[in-house]
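The structure under discussion appears below in the form of structure tokens.
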Amino acid sequence: MRMKQTALKDVCVCLLISAGIIFGHETGPAVVRVVVEVGSDVVLPCSLSSKENIVDKLFDWRKDGQRKKEVFYYNAGIHYNNGHDGQDQQFKGRVSYFSDQLKNGNASIKIRNTKMTDSGNYTCDFPRLQPSQIFYIELVVELTIKDRSGEITGAPKPYIWTLNVTEDRVLLQCEVRGASPQPKVEWKDRAGNILPAEEPQVSDRGGRYYVTLLTTVTKTDHYRCVVTQEEIHHQTHSETYVFINGEISFKSFSLFMSLLVFKYF
Ligand SMILES: *[C@@H]1O[C@H](CO)[C@@H](O)[C@H](O)[C@H]1NC(C)=O
Ligand SMILES: *[C@@H]1O[C@H](CO)[C@@H](O)[C@H](O)[C@H]1NC(C)=O
Ligand SMILES: *[C@@H]1O[C@H](CO)[C@@H](O)[C@H](O)[C@H]1NC(C)=O
């Protein structure tokens with residue numbers, strides 16, 4: 001009975017996941033997400049897959065908001081940095097394009113000295129192409145993790161997510177956001193044993209490291225994700241308690257079976 005339930009649950013989860021992917025494709029266009037630390041420069045990507053030359057074409061970058069803000073406009077060599085008006089005050093003097101890339105259909109722009117208010121959804125539009133083309137880019141500008149003196153401080157506490165819970169196992173995810181220097185990340189049980197984990201996924205965003213580490217646990221215990229930065233003698237952790245339902249039922253089931261065996265043989 002228990003087995004049957006689990007199988008049914010797995011089937012439902014699979015169906016939900018496939019539905020999510022399908023709807024994701026059907027209802028929304030592809031969005032490229034770019035994350036940057038406040039104050040640094042960022043390139044927002046936009047390229048035609050045809051790679052056609054756009055030196056003599058028109059493209060227009062806008063940012064969504066209560067009203068659309070004009071970020072960058074280019075029309076056959078005329079643009080905001082050479083006299084065309086209409087650019088939103090927020091972006092004046094901070095946006096440039098890559099003139100040498102236009103011949104490859106690349107209309108990416110660079111925004112210098114990003115501000116928190118630059119976060120948002122951008123569109124890169126080629127309204128006069130046949131068919132017209134539009135690209136969606138989400139920019140997330142994040143605060144730096146610096147203390148008041150402007151010094152880099154140790155990694156913040158990691159985030160723990162409980163994923164993929166089944167009756168006998170739980171997939172735990174530890175996520176470290178924006179640590180510098182690169183931290184070592186480990187999963188430990190209450191006794192301090194290092195747990196086998198998957199290969200950490202590390203991304204370097206301008207010298208700040210984002211690390212994700214997954215482990216599967218099968219026992220009821222307290223689990224810690226420990227983040228260590230040896231160079232700066234910094235260690236921090238977050239903890240979670242996992243209760244494995246199946247473990248208990250399995251134990252009681254074995255006990256029950258042993259009793260049966262004793263009784264009858
Ligand atoms: C477009 O140009 C930018 C700036 O040179 C570059 O970073 C990016 O990789 C280019 N994109 C493509 C698809 O070539
Ligand atoms: C971009 O738009 C989505 C959907 O409207 C929204 O959830 C998200 O917060 C927006 N991104 C930013 C950085 O504002
Ligand atoms: C969730 O667990 C099931 C069963 O153990 C496994 O087949 C599946 O790959 C897991 N999903 C993820 C995202 O790890």
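Just so you know, ligand 1 is whichever comes first in the structure, and atom 1 is the first atom listed for that ligand. Heads up: numbering here begins at 1 and tracks the sequence. Computed from a predicted model, the values in this text were never measured in an experiment.
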What residue and atom, counting heavy atoms only, is the protein's closest point to [atom], and at what distance?
| atom | answer |
| --- | --- |
| atom 5 (O) of ligand 2 | N121 ND2, 4.6 Å |
| atom 13 (C) of ligand 1 | S47 OG, 3.4 Å |
| atom 7 (O) of ligand 1 | V43 CG1, 4.6 Å |
| atom 8 (C) of ligand 2 | E138 OE2, 3.7 Å |

Under a 4.5 Å cut-off applied to non-hydrogen side-chain atoms, are [X] and [Y] in contact?
| X | Y | answer |
| --- | --- | --- |
| P158 | V185 | no |
| N75 | R128 | yes |
| F59 | L48 | no |
| Q173 | E175 | yes |

contact_flag P45 ligand 1 heavy-atom lt 4.0 Å:
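Not so, P45 does not reach ligand 1.
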Pull out every atom of ligand 1 sitting under 4.0 Å from any heavy atom of N106, numbered as shown with elements.
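Reading through ligand 1 atom by atom, the close ones are 1 (C), 2 (O), 3 (C), 8 (C), 10 (C), 11 (N), 12 (C), 14 (O).
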Under 4.0 Å from a heavy atom of S108: which atoms of ligand 1 are those, numbered in the order shown and with their elements?
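Checking each atom against S108, I get 1 (C).
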Just jot down the ligand 2 atoms closer than 4.0 angstrom to any heavy atom of G120, in number order.
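Counting from 1, the qualifying ligand atoms are 12 (C), 13 (C), 14 (O).
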Numbered atoms and elements of ligand 2 in range of L139, under 4.0 angstrom, heavy atoms
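So the answer, numbered in order with elements, is 13 (C).
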Kindly assign one of parallel, tilted or perpendicular to the pair H79 and Y74, based on the angle between their ring planes and the thresholds 30° and 60°.
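Correct class here is parallel.
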Aromatic plane relationship, F135 with F126 - under 30° parallel, 30 to 60° tilted, over 60° perpendicular
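Correct class here is perpendicular.
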Say whether S119, considering both its backbone and side-chain N or O atoms, lies within less than 3.5 Å of an N or O atom on ligand 2.
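For ligand 2, there is no N or O atom that lies under 3.5 Å from one belonging to S119.
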Under the 4.0 Å line, does any protein heavy atom show up next to atom 2 (O) of ligand 1?
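Given the 4.0 Å cut-off, atom 2 (O) of ligand 1 counts as touching protein heavy atoms.
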Would you say atom 11 (N) of ligand 2 has a protein heavy atom nearer than 4.0 Å?
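Given the 4.0 Å cut-off, atom 11 (N) of ligand 2 counts as touching protein heavy atoms.
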Give a yes or no on this: more than 12 heavy atoms of other residues, nucleotides or ligands lie within 6.0 Å of atom CZ of R190.
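It does not: R190 CZ has 12 such atoms or fewer within range.
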For atom NZ of K103, is the number of surrounding heavy atoms from other residues, nucleotides or ligands below 6.0 Å larger than 12?
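More than 12 heavy atoms, drawn from other residues, nucleotides or ligands, come within 6.0 Å of this atom.
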